There are 2 protein chains.
Amino acid sequence: MARTGRPREFDRQAALEAALTLFWKQGYEPTSLSQLKEVMGGISPTSFYAAFGSKEQLFEEVVELYRSTEGRVADVLFDEETSPRSAIERCLRQSAKMQTDPSHPLGCLIVSGASNCGSTADQVVELLRTVRKKNHEALRGQIRRAVAIGDLPDNTDIDGLTEMFGTFLVGISTAARDGAKSSDLDRSVDHIMRFWVEA
Amino acid sequence: MARTGRPREFDRQAALEAALTLFWKQGYEPTSLSQLKEVMGGISPTSFYAAFGSKEQLFEEVVELYRSTEGRVADVLFDEETSPRSAIERCLRQSAKMQTDPSHPLGCLIVSGASNCGSTADQVVELLRTVRKKNHEALRGQIRRAVAIGDLPDNTDIDGLTEMFGTFLVGISTAARDGAKSSDLDRSVDHIMRFWVEA
DNA sequence: CTACTTATGTATCGATTGATACGGAAGTAC
DNA sequence: GTACTTCCGTATCAATCGATACATAAGTAG
């Protein structure tokens, strides 16, 4: 690793995970450097900027960490080996379960991590929006595939169905933060999938 | 009105409406006093605090204004003279239409107005959450009523259905802010209502 | 040892935050 | 007219924001 120079005295990975938890709970803008430095092991501002560049760069790194861990619940939307119906259903169920899990903050970092932001945080807002749009397009891809392989009729309203699932998916974050029960959310997935009888 | 003293030189109602637009667009915390004073007619800090008390009190007044105007789309959830199915459907359709209307900011002030907030804004977060919970309970009331009058079967999963509609409803705000088309959202309401064939 | 590299701690930067102090201006009441 | 009330404008408050300067400590390379 570090070939030369004074070795780092804090655990960079642990600090990153602590930052994830704080950003997840509070969102990007209201999370201050003071809070970050504190949860990241009480590091000094110099250490913070040397290791992470800036608050914004840290957040970008945090988003990557989130996507590669808890955020993986959305990956199944990109899976073309599962049936479309099953891919969507699993995404919704796993998202609902993950976002109500009390072992970490409630809701979704991608949806709620930068929802109220001033103009100084435009880049961060766009970063998260880009991730959401990718998920939305993956959702649309699954619906399209379902029509293509005959799991849904040819005259299916692809955009309308995509919007139904997509709107429900992003709604889970607010619902979870408002205290929705995991079991209620799971059964709500039963209902939203109910019209779709697998071929 | 003002019986005595120097008369106000700015239009209080117009200032309140301008504040609503700004809060709606940016959210509570990232909206600064400087921005508010500017859009509210370029008033001075003294005039601001004399007329509205504080940023937080202004926001509370703004929420009341919103609820009595654009926010009325949720009122139908409290209407027991409409059929339950129709009440829910109208709420969803009107919310989707209103929140994508380009004549004002996108999304919903109640859902997105204070989603990322620091601990100094706890009261504001709770205020909006309380409104959302009331709407959620009204939704549950409509489902309950549907079962009671036989529009839905006796063994209906009331909490699961409530969560499905409630999660979709709060999702509209994020969907609208992400650029969802009004027509797609309207058709997504077709789909989410589809399982429910009015008696 | 010296040279170099990297991390650390303290002290502080300019800008902005929400909120006030204070004096004066503009109206009504008598 | 004077007294009283309400509002306005300027100047400014302490606190906090994200970010840096500067000197020093702790390691490797030769």
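Here is the naming used below: chain letters follow the sequence lines, and residue numbers restart at 1 for every chain. This structure is a prediction, so every number in the text was calculated from the model and none was measured.
For the pair Arg187(B) and Asp184(B), the salt-bridge criterion is met [side-chain N within less than 4.0 Å of a carboxylate O]. Using a 4.0 Å cut-off between charged nitrogen and carboxylate oxygen, Arg67(B) and Glu70(B) do not count as a salt-bridge pair. Taking 4.0 Å as the cut-off between side-chain N and carboxylate O, Glu89(B) and Arg85(B) count as a salt-bridged pair. The pair Asp186(B)-Lys97(B) does not meet the salt-bridge criterion, since no charged nitrogen lies less than 4.0 angstrom from a carboxylate oxygen.
Remark: P of dG18(C) and CD1 of Ile43(B) are 14 Å apart, rounded to the nearest angstrom. We find that NZ of Lys55(A) is positioned 14 Å from P of dT20(D), with the value rounded to whole Å. Distance CZ (Phe10(A)) to P (dT6(C)): 15 Å, rounded to an integer number of Å. Separating the CG atom of Leu36(A) from the P atom of dT16(D) is a distance of 16 Å, rounded to the nearest angstrom. Atom CD in Glu38(A) sits about 17 Å away from atom C1' in dG9(C), given to the nearest Å. If you take CD of Gln57(A) and P of dG18(D), they are 15 Å apart, rounded to a whole angstrom. Summarising the geometry, the separation between CG on Asp11(B) and C1' on dC8(D) is reported as 17 Å, rounded to the nearest angstrom. Per the geometry, CZ belonging to Arg12(B) stands 14 Å off C1' belonging to dT6(D), to the nearest Å.
Here dG18(D) is the nucleotide among dG24(C), dG9(D), dG18(D) with the atom lying nearest to any side-chain atom of Leu33(A). Considering only side-chain atoms of Tyr49(A), the nucleotide from dA19(D), dT8(C), dC8(D) that sits closest is dA19(D).
The phosphate of dT10(D) (OP1 or OP2) has no side-chain N or O of Thr46(B) nearer than 4.0 angstrom. Between dG18(C) and Ser54(B), no contact under 4.0 Å exists linking OP1 or OP2 to a side-chain N or O. The phosphate of dC8(D) has neither OP1 nor OP2 within less than 4.0 Å of any side-chain N or O from Ser44(B). The shortest distance between the side-chain N/O atoms of Thr4(A) and the OP1/OP2 oxygens of dC4(C) is not below 4.0 Å.
Within 6.0 Å of atom CD in Glu137(A), more than 12 heavy atoms from other residues, nucleotides or ligands are found, so the atom counts as buried in its surroundings.
No engagement by Phe52(A) is indicated, since no non-hydrogen atom pair under 4.0 Å with the nucleic acid exists. Backbone-only engagement by Thr31(A) is indicated by non-hydrogen atom pairs under 4.0 Å involving sugar-phosphate atoms exclusively. Heavy atoms of Thr120(B) sit nowhere under 4.0 angstrom from any nucleic acid atom. Using a 4.0 Å heavy-atom distance criterion, Ser32(A) is classed as a sugar-phosphate-only contact.
No N or O donor and acceptor, one from the side chain of Arg8(A) and one from the base of dA7(C), sit under 3.5 Å apart.
Between Glu9(B) and Tyr28(B), the residue anchored nearer the 5' end of DNA chain C, judged by the nucleotide with its closest heavy atom, is Tyr28(B). Summary of the strand contacts: Phe48(A) and Pro45(B) both lie near DNA chain D, and taking for each the nucleotide with the nearest heavy atom, the more 5' one is attributed to Pro45(B). Of the two residues contacting DNA chain C, namely Glu56(B) and Arg6(B), the nearest-nucleotide position lying further toward the 5' end is that of Glu56(B).
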Task: CA sep, side-chain torsions, deciding dist, call: Asp101(A), Leu106(A), side chain to side chain contact (heavy atoms under 4.5 Å, CB included) - done: CA-CA 7 Å; Asp101(A) 186 337; Leu106(A) 299 172; over 6 Å; no
